[in-house]
Each structure stands twice: as structure tokens, then as C-alpha cells.
Amino acid sequence: MTKPSVPMPASSQFSLTPDMTICRLPIGMWQVSGAHGPIDPAAAVRSLFQHFDAGFTTFDLADHYGPAEDFIGEFRRQLVAQRGTDALTAFTKWVPRPGRTTRAVVEQAIDRSRRRMGVETLDLLQFHWWDYADAGYLDALRHLAGLQAERRILHLALTNFDTEHLRIIRDSGIKIVSNQVQYSLIDQRPEVRMVPFCQEHGITLLTYGTVCGGLLSERYLGKPEPGRRELTTASLQKYKQMIDAWGGWSLFQELLRVLTAIAEKHKVSIANVAVRSILDRPAVAGVIVGCRLGVAEHIADNRRIFDLRLDEEDRIRIAAVTLKGRNLFERIGDCGDEYRG
Ligand SMILES: NC(=O)c1ccc[n+]([C@@H]2O[C@H](COP(=O)([O-])OP(=O)(O)OC[C@H]3O[C@@H](n4cnc5c(N)ncnc54)[C@H](OP(=O)(O)O)[C@@H]3O)[C@@H](O)[C@H]2O)c1
């Protein structure tokens with residue numbers, strides 16, 4: 001088996017389960033869905049190779065991220081053919097439309113992802129549900145657990161579930177490994193209820209939006225507030241809204257200035273500081289960082305996250321600004337509530 005050519009430090013690895021070790025910086029693939037501009041399939045697969053070779057061996061995708069599952073399938077085939085290895089981990093999601101979730105419906109969805117990704121067993125299946133008033137999510141999860149028993153899924157996980165419903169699921173005896181939630185220096189809602197619950201029950205968090213689609217970077221330092229037309233990806237639009245809800249552009253600039261000072265002190269980037277701040281928080285297994293595969297990449301910069309150690313002074317300086325923002329838990333609700341009106 002060929003190993004990635006430049007090994008990552010041991011601190012980049014995390015045992016998500018006894019049988020699955022992941023890179024703590026999974027590469028997010030929402031960016032190939034079409035909502036972030038066009039993607040060339042061949043260039044995307046080449047970029048997956050570049051990430052893999054740099055040690056980014058874990059990927060986050062979903063059934064509804066356009067061709068993401070097909071890209072992983074193609075990447076895996078080429079990796080096996082060229083290198084004799086398929087040592088990647090790929091997390092997908094099942095985001096069913098509201099409606100009945102019979103065993104046949106669940107089975108069809110999971111088998112489709114298995115076919116597209118070219119695997120017998122999905123490494124991690126993250127389940128999303130739109131409407132808690134419809135208790136069908138428990139039926140769906142029981143069917144998923146049945147498919148897990150048949151090894152069509154290795155581990156079951158959730159995305160955008162709040163603490164109350166994570167508790168209901170756990171109490172019903174379904175074993176959940178992780179919950180994928182928005183978590184950044186701007187959006188710290190998980191700390192109110194989700195993190196303590198996860199710590200108590202041995203569940204981990206995979207976070208997204210941690211660099212706010214790129215807003216938490218030098219690119220926006222000292223810049224006037226961007227209008228909607230300048231926010232050219234779905235991620236930028238999504239997290240700009242979160243910044244508006246939190247405290248607005250002027251407070252965001254204050255945060256960028258503090259992050260710049262800390263980044264300069266450690267000779268890293270603003271994005272590095274933003275990611276490290278969340279990676280160090282309790283219950284966080286990994287920070288998913290999105291990539292426009294074949295269009296823009298930050299491989300060398302993102303590798304530096306594993307050499308960065310923030311100190312107490314850094315944390316105090318960051319908190320002094322983030323605490324000036326509004327309480328998003330009170331304003332929006334718990335994790336994922338923004339998806340449920
Ligand atoms: N479960 C859910 O509901 C959900 C929702 C959203 C996302 N996700 C997952 O989480 C992933 C990440 O979320 P996201 O893409 O929305 O937000 P994100 O990771 O905060 O933003 C990704 C963007 O940040 C920029 N970036 C990355 N590294 C950088 C660096 N070192 N320096 C400067 N800029 C950098 C890039 O912008 P440029 O391309 O412009 O350079 C990249 O496209 C997604 O791909 C997806 O897999 C899940």
C-alpha cells in the first residue's frame with residue numbers, strides 16, 4: 001500500500017471510532033455542487049489526488065452535492081489502479097425529502113450512494129431531517145441501523161440535529177458517532193447545549209463554516225462590506241448572513257484585526273487561527289474545510305494548522321471580541337435550527 005508522499009504529523013489524526021482514523025481536517029465537497037461555480041470533473045479528481053498526497057485523506061460529501069459522490073468513486077478507482085491503495089475515508093450524507101421513509105426508500109438511497117462511491121460499505125452516513133414534527137426520522141434511523149448491521153454502512157452519524165433530538169435518538173438505542181454542525185468563531189451555538197451533551201455521551205462534532213466560506217481570511221481584512229453580488233459562492237452568502245446576525249461588518253473587521261495580530265505572532269494565516277480555535281474545543285473531532293476542487297486550493301496553508309499552538313493570551317484576545325457579538329443561540333436556536341424556519 002502506498003502512503004501519502006508527505007506524511008502529516010500524528011496530531012492531524014483522530015480515532016473517530018476504534019476502527020476508523022480520520023484526518024482532523026476533512027475536505028468539504030459542497031463546492032462541487034454547482035452552487036459555488038462550475039467545476040471540471042478531471043481537474044476535480046486531480047485536486048483530490050493533490051489533497052490526498054498532502055495528507056488530506058478524509059472527505060465530506062453528500063448525496064445532493066451534485067457529482068461529489070461520483071467524483072469520490074472515480075478518485076477511488078484511479079487511486080486503486082495507480083497506487084494500489086484506497087486509504088481514504090469518505091463521509092456522505094442522506095438528506096431525504098420530507099415524506100415516508102420505508103425500508104425500501106432508505107435502502108434505495110444508501111445503495112445509490114454505495115454504487116456512486118464504488119464501495120460495499122459507506123464509512124460514515126450522516127443523516128439530515130427537515131421537520132421534527134414528523135417523527136419519521138426515528139423509523140429512518142432504525143432502517144439505517146438495519147443496513148449498518150448488514151455492513152452497507154460502517155458508522156451512523158447525524159447532521160444539523162439539535163441537542164433535544166440527538167437525545168431522543170440516543171435514548172432510543174441508536175448509536176450515533178458524530179453530529180455535523182456549523183461552528184466557528186462567529187457561530188458558537190454548539191457550546192450552549194450540544195458540546196456538553198456530546199462530551200457526556202461520547203459523541204463527537206464535525207464542524208463546517210469554520211472559515212465562514214473564506215470570509216475569515218486576509219482577503220476581507222480592511223475591506224468594505226461586500227454586497228450580495230460580490231459574494232460569489234453559496235458559502236460566502238450563507239456565512240455573511242451569519243456575520244450580520246452576530247454583529248455586522250464593523251465588529252467582524254475588529255475580529256479580523258485581532259486574528260491578524262495572532263496570526264502574525266505565530267507566522268500563520270487568519271484561516272489557520274480560525275480553524276485551530278475550533279479544532280481545540282471540546283468534542284470537536286474535525287473541522288471540515290470546503291474546497292473548490294480544481295479552481296482554488298489552500299493545501300499548503302491548511303497543513304500549517306497542525307503546527308499551530310494557540311496560547312491562553314490568544315484565546316482571551318479572541319473571546320474579548322467574539323463576546324461582543326449577539327447571542328446566536330437566543331436569536332436562531334440550537335444547532336441546525338436555521339434549516340427549520
Ligand atoms: N451539513 C451541512 O448542512 C453543511 C453545510 C455547509 C457545509 N457543509 C460541509 O462543510 C464543508 C465546509 O463548509 P463551507 O464550504 O460551507 O465553509 P468553509 O469551509 O468555511 O469555506 C470554504 C471556503 O473557504 C475558503 N478557504 C478554505 N481554506 C482557506 C484558507 N486556508 N485561507 C483562505 N480561505 C480558505 C475557500 O474559498 P475559495 O474557494 O474562495 O478560495 C473555500 O471554498 C462543505 O464543503 C460541506 O462538505 C455541510
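Here, residue 1 is the first one in the sequence, and each next residue gets the next number. No experiment lies behind these values; they were computed from the predicted model shown.
- For Q188, the side chain to side chain contact (heavy atoms under 4.5 Å, CB included) partners are Y183, L185, E191, R281, T322, not counting sequence neighbours.
- The stretch residues 315-341 participates, sequence neighbours left out, in these ring pair (Phe, Tyr, Trp, His ring centres under 6.0 Å) pairs: H128-Y339.
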**OP:** Please assess Y132 against F161 for the test side chain to side chain contact (heavy atoms under 4.5 Å, CB included), listing each intermediate value before the final yes or no.
**Re:** CA-CA 10 Å; Y132 295 136; F161 268 78; 3.9 Å; yes
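- The side chain to side chain contact (heavy atoms under 4.5 Å, CB included) test applied to D111 returns E107, R114, R115, R152, not counting sequence neighbours.
- Side-chain atoms of M194 and C335, non-hydrogen and from C-beta on, do get closer than 4.5 Å to each other.
- Q13 and T21 share no donor-acceptor pair across their side chains, judged by distance under 3.5 Å alone.
- Residues P96 and F127 are in side-chain contact: their nearest non-hydrogen atoms beyond the backbone lie under 4.5 Å apart.
- Between D280 and R276 a salt bridge is recorded (basic side-chain N to carboxylate O distance below 4.0 Å).
- In this structure, Q50 and I299 have side chains that are in contact, with non-hydrogen atoms separated by less than 4.5 Å.
- Under the salt bridge (charged side-chain N to carboxylate O under 4.0 Å, His left out) criterion, E264 pairs with no residue at all, not counting sequence neighbours.
- Shown here are the salt bridge (charged side-chain N to carboxylate O under 4.0 Å, His left out) partners of E338, two or more places apart in sequence or in another chain: R189.
- Legend: residues meeting side chain to side chain contact (heavy atoms under 4.5 Å, CB included) with T89, ordered by chain and number and at least two apart, are M20, I22, T58, F91, D123.
- Under the 3.5 Å distance criterion, with hydrogens and angles disregarded, no donor-acceptor pair is assigned to the side chains of D187 and S184.
- Identified under the ring pair (Phe, Tyr, Trp, His ring centres under 6.0 Å) test for residues 184-217, with sequence neighbours left out: F197-H201.
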What donor-acceptor contacts under 3.5 angstrom involve side-chain atoms of residues 137-148, with partners at least two apart or in another chain?
{"from": "H143", "atom 1": "NE2", "to": "R103", "atom 2": "N", "distance (Å)": "3.4"}
{"from": "Q148", "atom 1": "NE2", "to": "L154", "atom 2": "O", "distance (Å)": "3.0"}

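- Between E164 and R167, no side-chain nitrogen of the basic residue sits less than 4.0 Å from a carboxylate oxygen of the acidic one, so the salt-bridge criterion is not met.
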**OP:** Determine, stepwise, if the pair R83 / D53 fulfils salt bridge (Lys or Arg N to Asp or Glu O under 4.0 Å).
**Re:** CA-CA 11 Å; R83 313 273 182 88; D53 287 341; 2.8 Å; yes
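- Considering only heavy atoms from C-beta on, K240 stays 4.5 Å or farther from S235 through its side chain.
- Screening residues 252-308 for ring pair (Phe, Tyr, Trp, His ring centres under 6.0 Å), with sequence neighbours left out, gives W249-F252.
- Between the T233 side chain and the L236 main chain, a donor and an acceptor come within less than 3.5 Å of each other.
- Residues D134 and G99 share a closest heavy-atom pair of OD2-O, 4.2 Å.
- Every residue two or more places apart in sequence or in another chain that forms a side chain to side chain contact (heavy atoms under 4.5 Å, CB included) with E74 is listed here: V45, R77, Q78.
- One finds no salt bridge joining E69 and R112 here, because no Lys/Arg side-chain nitrogen approaches an Asp/Glu carboxylate oxygen to under 4.0 Å.
- With sequence neighbours excluded, no residue satisfies salt bridge (charged side-chain N to carboxylate O under 4.0 Å, His left out) with D131.
- Between K324 and E254, at least one side-chain N (NZ, or NE/NH1/NH2) sits under 4.0 Å from a carboxylate O, which counts as a salt bridge.
- Between L293 and L48, the shortest heavy-atom distance links the atoms CD1-CD2, 3.7 Å.
- In the hydrophobic clustering, L323 connects to no other residue, as no ILVMFWY side-chain heavy atoms lie under 4.5 Å from its own.
- In this structure, the side chains of V177 and I203 stay at 4.5 Å or more apart for every pair of heavy atoms.
- Salt bridge present: K265 and D311 bring a charged side-chain N and a carboxylate O closer than 4.0 Å.
- Contact annotation: the side chain of L25 never approaches that of M8 to less than 4.5 Å [non-hydrogen atoms, C-beta and beyond].
- Residues R193 and D162 are not paired through a salt bridge, judged by the lack of any N-O separation under 4.0 Å between the basic side chain and the carboxylate.
- Residues I288 and Q180 form a side-chain contact, since some pair of their non-hydrogen atoms from C-beta on lies under 4.5 Å apart.
- Nearest heavy atoms, I176 versus A157: CG2-CA, 4.2 Å.
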